[in-house]
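Just below is one structure, and these are the notes that go with it.
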Amino acid sequence: MSAAPRFAFQVHATDGAARTGTIRMERGDIRTPAFMPVGTAATVKAMKPADVERAGADIILGNTYHLMLRPGAERVARLGGLHEFMGWERPILTDSGGYQVMSLSELTKRSEEGVAFASHLDGTRHLITPERSIEIQRLLGSNIVMAFDELVPTTSTREVQAAAMERSMRWAKRSRDAFDGGGAHAEHNAIFGIQQGALDEGLRRASADALVDIGFDGYAIGGLAVGEGQAAMFGCLDYAPAQLPVDKPRYLMGVGKPDDIVGAVERGVDMFDCVMPTRSGRTGQAFTRDGPINIRNARFNEDQAPLDPDCGCAVCATWTRAYLHHLVRSGEILGAMLMTEHNIAFYEALMADLRTAIAQGVLATFANAFRARYGAGKGETR
C-alpha cells in the first residue's frame, strides 16, 4: 500500500470558527472544506469519474442503501470493490443507509437490533443492523465508513428525539466494534460517528460526548437539512461543531445550497455532500455566482452568454445559455451532462474560494460578498 497514512487530519489555517486543512488517506488527500459529489448508485449521475475529478472533487459519496439493493454489496465485492467497479481511484465515503431506510422504504420497523424494511424497488424485505451496515460498507471497499444511526424528524417530541439519539449512540458503539473487527479493511480505512439530537443543544452535547467516548476518526453532524429551514440549521450549527473534537474533521451530512455551505463553513464545518448540483443539473437549474437560473426559461433561448461569465469550467468556456436551453428543452441527454458538469465545477470552485479566503484571513469579506451577489440574483432567475 501507499506510504500515506490510514487517516490523518491537519488544520493549516483558521479564520474565526472556520478551518482549512487536509485529510490524508492512502487513496489521496482531501482538501477541506470539501464538497463530495453524490454517487448514489456507483455513479455521479450524468458524469464520468475523470470529469468529476477534473471539476475539483477529491472524494465522492456512495450510498449503502441503494448499492445493497442493486447491484448488491457482495456482487460489488466480487467485481473488485466500488473503486474498480466504477473507475474512481480517489477516496470514497459511504453513508450508512440509515437516512434512506427511513425516507424511502415502506413498512419500516425499528428495534434495538436494527431496522427491517421493504425495498422501494421490489418490496423485498431486508434487515439492516449496525453490523450489517458496516459489513456492506466493507464489501464496497469504502474509505470513510459511516456509523449506522437512527434519524427522526426535527419536529418530533423531545422524548422521541432523546430516545433516537440514545439508540444511535448504542448503534455507534456497535458500528465501531464491527468496523474494528474488519481486519485489513479497518487497518487501511476510517470510520466517522454521527452526532444526533435534532435542534436541542443538550441532546447534541450528550451525543457528542458519547461519540468521543467511543472514539472515531471524524464526526458528522446528522439530522439537519431535513426541512427545518436555514435559520434553524444555522442556529444548531452555532453550537454543534464546537461540541466535537477540534482535531478531527466535521462533516455536515446532506448540505446543501451554496449559501448553506458558506454559512456552515463560517461555523466550523469541514465536509459536505448533497445531491443538489447533480439533481438540479438534470432538471435544468444551473448554479451561478449571481444565483441559480432555470435554463428552461424562454428568456435564454437566444442568450449567447455562458451559464456563469465568471466560471472557469469547460462548459462555460464552450457553450452558450442558448444552446443549453435548446438541449434541456429538447430532452437531450447532453443537456443533463453539461448542466451537471457545470454545477459540480461551480460547487468545487466555491470550496476552493472558501479555502483560499480562510487561508488569507478574509473569510468574512468573501462570505458577505458572495451572499450579497448570490442572493441578489435569486428572485429574477428562478
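Keep in mind it's a predicted model, so treat the numbers as computed, not measured. When reading the values below, keep in mind they use all heavy atoms of this one structure, side chains included, and skip hydrogens, waters and symmetry mates.
In this structure, the side chain of Arg24 does not engage the main chain of Pro5 through any donor-acceptor pair within 3.5 Å. Between the side chain of Ser330 and the backbone N or O of His326, at least one donor-acceptor pair lies under 3.5 Å. Using modelled atom types, no side-chain atom of Arg90 and backbone atom of Glu53 make a donor-acceptor pair closer than 3.5 Å. Counting only distance, with no hydrogens or angles, the side chain of His325 and the backbone of Glu302 share no donor-acceptor pair below 3.5 Å. Remark: the backbone N or O of Ile358 is not paired with any side-chain donor or acceptor of Gln360 at under 3.5 angstrom. Without hydrogens or angle criteria, Arg282 side chain to Thr340 main chain gives no donor-acceptor distance under 3.5 Å. When atom types are taken as modelled, the side chain of Asp270 and the backbone of Tyr251 share no donor-acceptor pair closer than 3.5 angstrom. Of the possible polar contacts, one joining the Thr356 side chain to the Ala352 backbone as a donor-acceptor pair under 3.5 Å is found. Looking at Thr20, its side chain does come within 3.5 Å of a backbone N or O of Thr32 through a donor-acceptor pair. Remark: the backbone N or O of Pro306 is paired with a side-chain donor or acceptor of Arg321 at under 3.5 angstrom.
A donor and an acceptor atom, one from each side chain of Arg204 and Gln195, are located under 3.5 Å apart. At a cut-off of 3.5 Å, with distance as the only test, a side-chain donor of Asn143 or His83 sits close to an acceptor on the other residue. Asp200 and Gln161 are not linked by any side-chain donor-acceptor pair at a separation below 3.5 angstrom, with hydrogens and angles left out of the test. Checking Ser119 against His126 by side-chain atom types alone, no donor-acceptor pair falls below 3.5 Å. With no hydrogens or angles considered, no side-chain donor-acceptor pair links Glu113 and Thr129 at under 3.5 Å.
Between Arg54 and Asp51 a salt bridge is recorded (basic side-chain N to carboxylate O distance below 4.0 Å). At a threshold of 4.0 Å, the pair Arg132-Glu74 counts as salt-bridged, since one of the basic side-chain nitrogens sits closer than that to a carboxylate oxygen. Classification of Glu112 and Arg170 as a salt-bridged pair holds, one side-chain N sitting under 4.0 Å from a carboxylate O. A salt bridge links Arg289 to Asp308: at least one charged side-chain nitrogen sits closer than 4.0 Å to a carboxylate oxygen. A salt bridge does not link Arg299 with Asp303: every distance from a Lys NZ or Arg NE/NH1/NH2 to an Asp or Glu carboxylate oxygen is 4.0 Å or more. The existence of a salt bridge linking Glu187 and Arg6 is excluded, since no basic side-chain nitrogen approaches an acidic carboxylate oxygen closer than 4.0 Å. We find that Asp209 and Arg205 are joined by a salt bridge, their nearest charged nitrogen and carboxylate oxygen being less than 4.0 Å apart.
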TODO: Apply side-chain hydrogen bond (donor to acceptor under 3.5 Å, both in side chains) to Asp149 and Gln196, showing your working.
DONE: CA-CA 8 Å; Asp149 62 337; Gln196 290 291 354; 2.7 Å; yes

- [ ] Using the side chain to side chain contact (heavy atoms under 4.5 Å, CB included) rule, take Leu203 and Arg158 through it: C-alpha gap first, then chi angles, then the decisive distance, then the call.
- [x] CA-CA 9 Å; Leu203 293 180; Arg158 191 180 191 278; 3.8 Å; yes

TODO: Let me see the working for Met276 and Phe287 under side chain to side chain contact (heavy atoms under 4.5 Å, CB included), right down to the final yes or no.
DONE: CA-CA 10 Å; Met276 193 163 289; Phe287 292 96; 3.5 Å; yes

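For the pair Leu224 and Cys236, the tightest heavy-atom approach, listed with the atom from each and the gap, is CD1-SG, 4.0 Å. When all heavy atoms are compared, the tightest approach of Ala172 to Ile214 is CB-CD1, 3.9 Å. Annotation for Pro241 and Val269: closest pair CG-CG2, 4.1 Å, computed over non-hydrogen atoms. Heavy-atom minimum distance, Gln285 versus Pro292: NE2-CB, 3.7 Å. Nearest heavy atom pair, residue Cys316 against residue Cys311, reads SG-CB, 3.6 Å. Scanning both residues, Arg19 and Val246, for their nearest heavy atoms gives NH1-O, 2.9 Å.
Interatomic distance, Trp319 CH2 to Leu307 CG, rounded to the nearest 0.5 Å: 11.0 Å. The CG atom of Leu211 sits 9.0 Å away from the CD1 atom of Ile194 when rounded to the nearest 0.5 Å. To the nearest 0.5 angstrom, His66 atom NE2 is 5.5 Å from Thr40 atom OG1.
The side chain to side chain contact (heavy atoms under 4.5 Å, CB included) test with Met339 singles out one residue from Ile344, Val328, Thr283, and that residue is Val328. The residue from Asn368, Thr288, Asp310 that alone fulfils the side-chain hydrogen bond (donor to acceptor under 3.5 Å, both in side chains) condition with Arg373 is Asp310. Met36 pairs with exactly one of Ile92, Ile60, Leu93, Ile144 by the side chain to side chain contact (heavy atoms under 4.5 Å, CB included) rule, that one being Leu93.
Heavy-atom neighbours of Arg371 CZ from other residues, nucleotides or ligands within 6.0 Å: above the threshold of 12. Residue Tyr99 places its OH atom among 12 or fewer non-hydrogen atoms of other residues, nucleotides or ligands, all under 6.0 Å distant. Taking a 6.0 Å sphere around CD1 of Ile333, one finds it holds 12 or fewer heavy atoms contributed by other residues, nucleotides or ligands.
Clustering ILVMFWY residues whenever any of their side-chain heavy atoms sit less than 4.5 angstrom apart, transitively, puts Leu69 in the very cluster that holds Leu79. Hydrophobic clustering, with ILVMFWY side chains joined whenever heavy atoms are under 4.5 angstrom apart, keeps Leu127 apart from Tyr65. By the rule that hydrophobic residues join a cluster once side-chain heavy atoms approach within less than 4.5 Å of another member, Met169 and Val152 end up as members of separate clusters. Leu334 and Val315 fall within the same hydrophobic cluster, defined by Ile, Leu, Val, Met, Phe, Trp and Tyr side-chain heavy atoms under 4.5 Å apart, directly or through other members. When hydrophobic clusters are built by joining Ile, Leu, Val, Met, Phe, Trp and Tyr residues whose side-chain heavy atoms come closer than 4.5 Å, directly or via intermediates, Met146 is not grouped with Leu139.
Using a 4.5 Å cut-off on side-chain heavy atoms (C-beta onward), Pro249 and Ile23 make contact. Between Val212 and Pro245, the closest side-chain pair of non-hydrogen atoms falls below 4.5 Å. Side chains of Thr278 and Pro37 form no contact here, defined as non-hydrogen atoms less than 4.5 Å apart.
For the pair Arg267 and Phe234, the cation-pi test (distance below 6.0 Å, angle within 45°) is passed.
The aromatic rings of His342 and Phe346 are tilted relative to each other, their planes meeting at an angle between 30° and 60°. Between Phe35 and Tyr347, the ring planes lie tilted relative to each other; the angle falls in the 30° to 60° range.
Not less than 6.0 angstrom separates the ring centroid of Phe7 from the ring centroid of Phe216.
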